[in-house]
Amino acid sequence: MEWSIQEIARSAGTTSRTLRHYDAVGLLRPSRVGHGGIRYYDEHALVRLQRILLLRELGLGLAAISEALDGQRDAAAALHTHLELLERERERLGPKQIESVRKTLTRMKGGEPLMPEEALDGFDHTRYRDEVIERWGRDAFERGDRWWRSLTEDDKKSFQQRQIDITTDYARAHRAGLAPDSDEVLAITRRHYEWVCGGWQGRRPSAEQFAGLGQMYVDDPRFTATYDRYGEGTAAFVRDAMSAYAEREL
């Protein structure tokens with residue numbers, strides 16, 4: 001069995017860009033490259049990616065991970081070692097990651113086919129890890145990651161629901177034909193700004209930072225798709241509202 005780079009990225013909660021970077025540095029080679037340059041990954045590559053993600057969780061850099069993988073040719077034996085480390089880190093890591101390793105080992109021992117959604121379950125909270133570190137530095141990622149892990153499940157759901165409510169209100173305002181700099185929309189954007197401050201652990205973005213975040217919603221197709229599923233053009237509307245708020249309020 002094999003899966004496309006898009007399928008693997010989606011299951012791992014990471015990006016095709018990250019997987020291509022792993023290929024470029026020799027950490028994770030695709031099993032083959034198909035028509036149009038599309039990368040495909042087999043079960044061996046799937047297990048290797050699981051090990052990479054686990055070792056990232058344990059704090060290893062890419063160079064150290066490469067050495068660890070090259071030094072342990074027996075994937076099952078290596079996963080047993082990783083599982084022991086994960087058990088010790090149970091307080092810090094989520095139970096899904098531990099269970100995903102257990103399922104992988106069970107399937108490997110039984111000669112059963114592996115499934116990406118099982119092997120890579122539990123890694124979504126670090127889906128933009130490499131990009132955050134590249135753009136804002138490791139300290140920014142680790143600070144945000146610690147904050148997110150410190151929240152209760154109810155707190156996480158509440159934080160996510162606030163974002164959904166804000167986006168829904170943006171979409172309604174856009175459909176109603178309101179101007180991005182109108183008082184009604186600026187009130188929504190004020191809630192958005194406070195939501196961002198919460199994610200930044202109380203640090204308040206400058207006008208340039210807030211407007212730049214809005215521009216990213218349009219420049220990055222993943223963000224655009226997330227906002228535009230509420231209505232075409234919502235991402236651009238949010239960007240313009242954030243720019244107006246930055247200019248008037250910050």
Can you name the closest pair of heavy atoms from [X] and [Y] and give their distance?
X: Ala236; Y: Val218; answer: CA-CG2, 3.8 Å
X: Asp228; Y: Ala235; answer: OD1-N, 2.9 Å
X: Leu27; Y: Arg48; answer: O-NE, 2.6 Å

Discussion item. For Gln161, I'd like to know if atom CD has over 12 heavy atoms of other residues, nucleotides or ligands within 6.0 Å.
Written reply: yes

Roughly how far apart are [X] [atom1] and [Y] [atom2], rounded to 0.5 Å?
X: Ile5; Y: Leu28; atom1: CD1; atom2: CG; value: 9.0 Å
X: Arg175; Y: Phe237; atom1: CZ; atom2: CZ; value: 11.0 Å
X: Ser31; Y: His44; atom1: OG; atom2: NE2; value: 9.5 Å
X: Leu19; Y: Arg17; atom1: CG; atom2: CZ; value: 12.5 Å
X: Leu46; Y: Glu7; atom1: CG; atom2: CD; value: 11.5 Å
X: Arg172; Y: Leu178; atom1: CZ; atom2: CG; value: 12.5 Å

Discussion item. The criterion is salt bridge (Lys or Arg N to Asp or Glu O under 4.0 Å); which residues satisfy it with Glu247, sequence neighbours excluded?
Written reply: none

Practice prompt. Apply salt bridge (Lys or Arg N to Asp or Glu O under 4.0 Å) to Arg239 and list each qualifying residue two or more places apart in sequence or on a separate chain.
Written response: none

Practice prompt. Would you please name every residue forming a side chain to side chain contact (heavy atoms under 4.5 Å, CB included) with Ser243, sequence neighbours left out?
Written response: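 Here no residue qualifies.
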
Discussion item. Going by ring pair (Phe, Tyr, Trp, His ring centres under 6.0 Å), name the residues that satisfy it together with Phe159, two or more places apart in sequence or in a different chain.
Written reply: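 With neighbours one apart ignored, the set is Trp147, Trp195.
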
Worksheet entry | Test ring pair (Phe, Tyr, Trp, His ring centres under 6.0 Å) applied to Tyr41 - qualifying residues, sequence neighbours left out |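 Testing Tyr41 for ring pair (Phe, Tyr, Trp, His ring centres under 6.0 Å), a comparison that skips the adjacent residues, returns none.
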
Fill in: Pair Arg204-Glu194, salt bridge (Lys or Arg N to Asp or Glu O under 4.0 Å): steps then yes or no
CA-CA 8 Å; Arg204 306 186 73 79; Glu194 294 302 325; 2.7 Å; yes

Any link between [X] and [Y] through a network of hydrophobic side chains (Ile, Leu, Val, Met, Phe, Trp, Tyr) touching at under 4.5 Å?
X: Val238; Y: Leu213; answer: yes
X: Ile164; Y: Val196; answer: no
X: Tyr230; Y: Met242; answer: no

Worksheet item: Can you tell me if Asp23 uses its side chain to pair, donor with acceptor, with the backbone of Arg29 under 3.5 Å?
Response: no

Worksheet item: Under 3.5 Å, is there a donor-acceptor pair between the side chain of Gln209 and the main chain of Ser206?
Response: yes

Which donor-acceptor pairs under 3.5 Å do the side chains of residues 182-193 make with protein atoms, sequence neighbours left out?
| from | atom 1 | to | atom 2 | distance (Å) |
| --- | --- | --- | --- | --- |
| Ser182 | OG | Ala179 | O | 2.8 |
| Ser182 | OG | Val185 | N | 3.4 |
| Thr189 | OG1 | Tyr170 | OH | 3.3 |
| Thr189 | OG1 | Val185 | O | 2.9 |
| Arg191 | NH1 | Asp169 | OD2 | 2.9 |
| Arg191 | NH2 | Asp169 | OD2 | 3.1 |
| His192 | ND1 | Tyr170 | OH | 3.0 |
| His192 | NE2 | Tyr217 | OH | 3.4 |
| Tyr193 | OH | Pro205 | O | 2.7 |

Minimum side-chain heavy-atom gap [X]-[Y] below 4.5 Å:
X: Pro30; Y: Tyr40; value: no
X: Gln6; Y: Ile38; value: yes
X: Ile166; Y: Gln163; value: no

Item to complete: Could you verify whether a donor N or O on one side chain and an acceptor N or O on the other, from Asp165 and Thr168, lie under 3.5 Å apart?
Response: no

Discussion item. Regarding Asp181 and Arg248, does a basic nitrogen lie under 4.0 Å from an acidic carboxylate oxygen?
Written reply: no

